[in-house]
Amino acid sequence: MHAYLRRLCAPSPVPIRLLSPFPRSSHRGYFSSVRLLEEMRADAPVKIKIAYRRIITSLPRLSLKSRTKASLLAEWDLEVARVRAWSARVDSSLLERWTAKKMCLPSVTAFAVEQEGAPKSTTARQESTPSKGAGVATALTTRLQGEVDHLHPSNSRQRLLQPSKRLFSTSHSNIIEGRKQALTERIAADAVVDLQQVMADLRDLELLEKLHKTTVKAAAGFKDASRCLYPLWHDVDQGKKSKVTFAELQEALPPIYSVPWTHIAERLTSGTNSKLSTLSEKDKAALLLLRVYNIGSSRSEAFVAAGARTLEDLEPLARRKKISLVRAHKIGLRHFDDIERLIPRSEMMAFDAALRGALRKADPLLECELLGSFRRQASFSSDVDLVVRHKSFVNKDDEEAAASLMRRIVEVLEGENLLDDENRLMFGPKKYAGLARLPGNKHYRRIDIRLAPYHSYPYLLLGCSGDALLMKLLRHAAKKRGLCLNEYGLGEKYTADDQNPNGFKPGTLRVVKDEREIFDLLGFPYLTPKERDYAVWRPRYERAGVDLSHVHKL
DNA sequence: GTCAC
DNA sequence: GGTAATGCGC
DNA sequence: GTGACGGCGCATTACC
């Protein structure tokens, strides 16, 4: 796609080169930007506008190899030519509007150089590479400087001058060990750690990435780290433990969590976190709002722009019609603390028993299971994830059957006082989301109920029990065999000639009776749910000679 | 932004 | 009024 | 240098 967009802006006159409307690193952003261009082109006939919008919005959903896309691109080319002709008339007021929308382009200089035919070696290099190469390098070296110094006190300066990638890949494990040692020397094992602060840091760092819409991959590091520490934190929160020592922290959080460890180290040694403490008031407020259910980066930004700084600001703003709070937001605010709190395994077991009991009593043909980390025997879960099947709902597209089944289930659970109408977040034919509470318990917990088409049940069990990396591996393995694995099943992949390149062809579903058969079909040794933990399955699959080259944790 | 190709 | 687009969570 | 990074169900809003 970049090629097309580049052609769109490259040969245009000066103003576009200086300030182009495409935001960085988001495909969706590219398309929105192009749409913006299109919308501002007031003279376009309405018909073209609509057709154009369809093309733009459908592009991200299509795979590259699709012939459909090729035909779309032909239309796209035409439209690009039109837009280009129009953009030749760009004036300063338009540029202001772009500025107001905070749009910018990464390598504007590269375009400029290309067009002017200047030699690539001079200005282009200097202006366009620092952002990627040197920027990352300096950030990394500053971050790791302490550890490297520790490892190589004599020649650390020279090493720092080398490219960062080399530094990182050749001695990564050494650096990790070095960090551990350096910290051990600087912090006493029995030093008391402010765990609440550490947890808050990890949470905010994760939210920060969500706010800036960067990929969730890195965020997962903070999330995982936070999960490692949660059992410790739970004891403190419950009053079972009065203080946490550094030794306990080191015990709980493995050294492979290098980025989280870097931040924790800063907090423990200097008492602050430079990344978080330098945030603007608005960004801090945005981070807080992000924690409310159904407030994502977009609404968070909008609410802050409307003047919200604390959770208490939201209600009044909504009353004055400055912002709109929907049902889910109100529930999210009311149960703010409960939604964030993880659920101890003992309570998950109680949920398991209560839900199964209620459903079996209502209809013995209902089969159900709790998924997610609970199924992998984790000691804490973030929510109650229930999947149900019944022989009355077989075909994925049979909304009628699904809806009536779902209504029955919800009715039963409401009758048992597990769910209530007031705390319903979402209630469709195939998916229910809301808050549940065990009778007599003071905390509400997030619950998701999903209906599986009858034959998809084992696939849903597998797909929703994780962990994420294992699913990535299995999906990739299926792809290599010309198959497609998803939560509904395993079947023949669509080819480039097909209309819809995602998913598998209907009618080619491999019917299985349990998860073991899915592993068999893919040629992988079976793993029990408990074994589906990266730390457990990775070494085992390595020994079994499974190709793990594209599974990357760090 | 970051990785594999 | 109906449909498309968007935001969100998982 | 270039493209992929999950895709889908649901609620709500934007748009005609």
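- Using a 4.0 Å heavy-atom criterion, one finds that A:Arg446 contacts the sugar-phosphate atoms exclusively.
- Spacing between D:dC5 and C:dG9 at atom P, rounded to whole Å, works out to 22 Å.
- Look at NE2 on A:His476: it is 17 Å from P on B:dC3, rounded to the nearest Å.
- Computed from coordinates, the A:Met426 CE to C:dG7 C1' distance equals 11 Å when rounded to whole Å.
- Look at NZ on A:Lys396: it is 14 Å from P on D:dG7, rounded to the nearest Å.
- Across all strands, A:Lys431 comes closer than 4.0 Å to base atoms (heavy-atom distances).
- Taking the side chain as every heavy atom from C-beta outward, A:Arg446 and A:Leu435 approach each other to under 4.5 Å.
- Distances shown here put every side-chain N or O of A:Tyr293 at or beyond 4.0 Å from the OP1 or OP2 atom of C:dG7.
- Near DNA chain D, meaning a heavy atom under 4.0 Å from it, residues 317-338 of chain A has A:Ser324, A:Val326, A:Arg327 in order of number.
- Sorted by first and then second residue, the pairs that involve residues 330-342 of chain A and meet salt bridge (charged side-chain N to carboxylate O under 4.0 Å, His left out), not counting sequence neighbours, are A:Arg291-A:Glu340, A:Arg334-A:Glu422, A:Asp338-A:Arg341.
- The distance between atom CD of A:Glu487 and atom P of D:dG7, rounded to the nearest whole Å, is 12 Å.
- Across all strands, A:Asp448 comes closer than 4.0 Å only to sugar-phosphate atoms, never to a base (heavy-atom distances).
- Between the P atoms of D:dG6 and B:dC5, the separation comes to 16 Å (whole Å).
- Separation of the C1' atoms belonging to B:dC3 and D:dC8 is 25 Å when rounded to the nearest angstrom.
- Judged as a salt bridge (charged side-chain N to carboxylate O under 4.0 Å, His left out), and not counting sequence neighbours, A:Arg227 has no contacts.
- Separating the NZ atom of A:Lys210 from the P atom of D:dC5 is a distance of 22 Å, rounded to the nearest angstrom.
- Within the structure, every pair that satisfies the side-chain hydrogen bond (donor to acceptor under 3.5 Å, both in side chains) test and touches residues 398-410 of chain A, not counting sequence neighbours, is listed here: A:Asp363-A:Arg408.
- Look at OH on A:Tyr459: it is 17 Å from P on D:dC8, rounded to the nearest Å.
- The side chain to side chain donor-acceptor pair (under 3.5 Å) search around A:Arg532 returns A:Glu515, not counting sequence neighbours.
- The distance between atom OH of A:Tyr432 and atom P of C:dC10, rounded to the nearest whole Å, is 15 Å.
- To the nearest angstrom, C1' of C:dC8 lies 12 Å from CZ of A:Phe303.
- In the displayed structure, A:Lys430 atom NZ is contacted under 6.0 Å by more than 12 heavy atoms of other residues, nucleotides or ligands.
- Applying the side-chain hydrogen bond (donor to acceptor under 3.5 Å, both in side chains) test to every pair with at least one member in residues 457-470 of chain A, sequence neighbours left out, gives these pairs: A:Arg375-A:Ser465, A:Asp467-A:Trp537.
- Within the 4.0 angstrom heavy-atom criterion, no nucleotide atom of any strand lies near A:Arg475.
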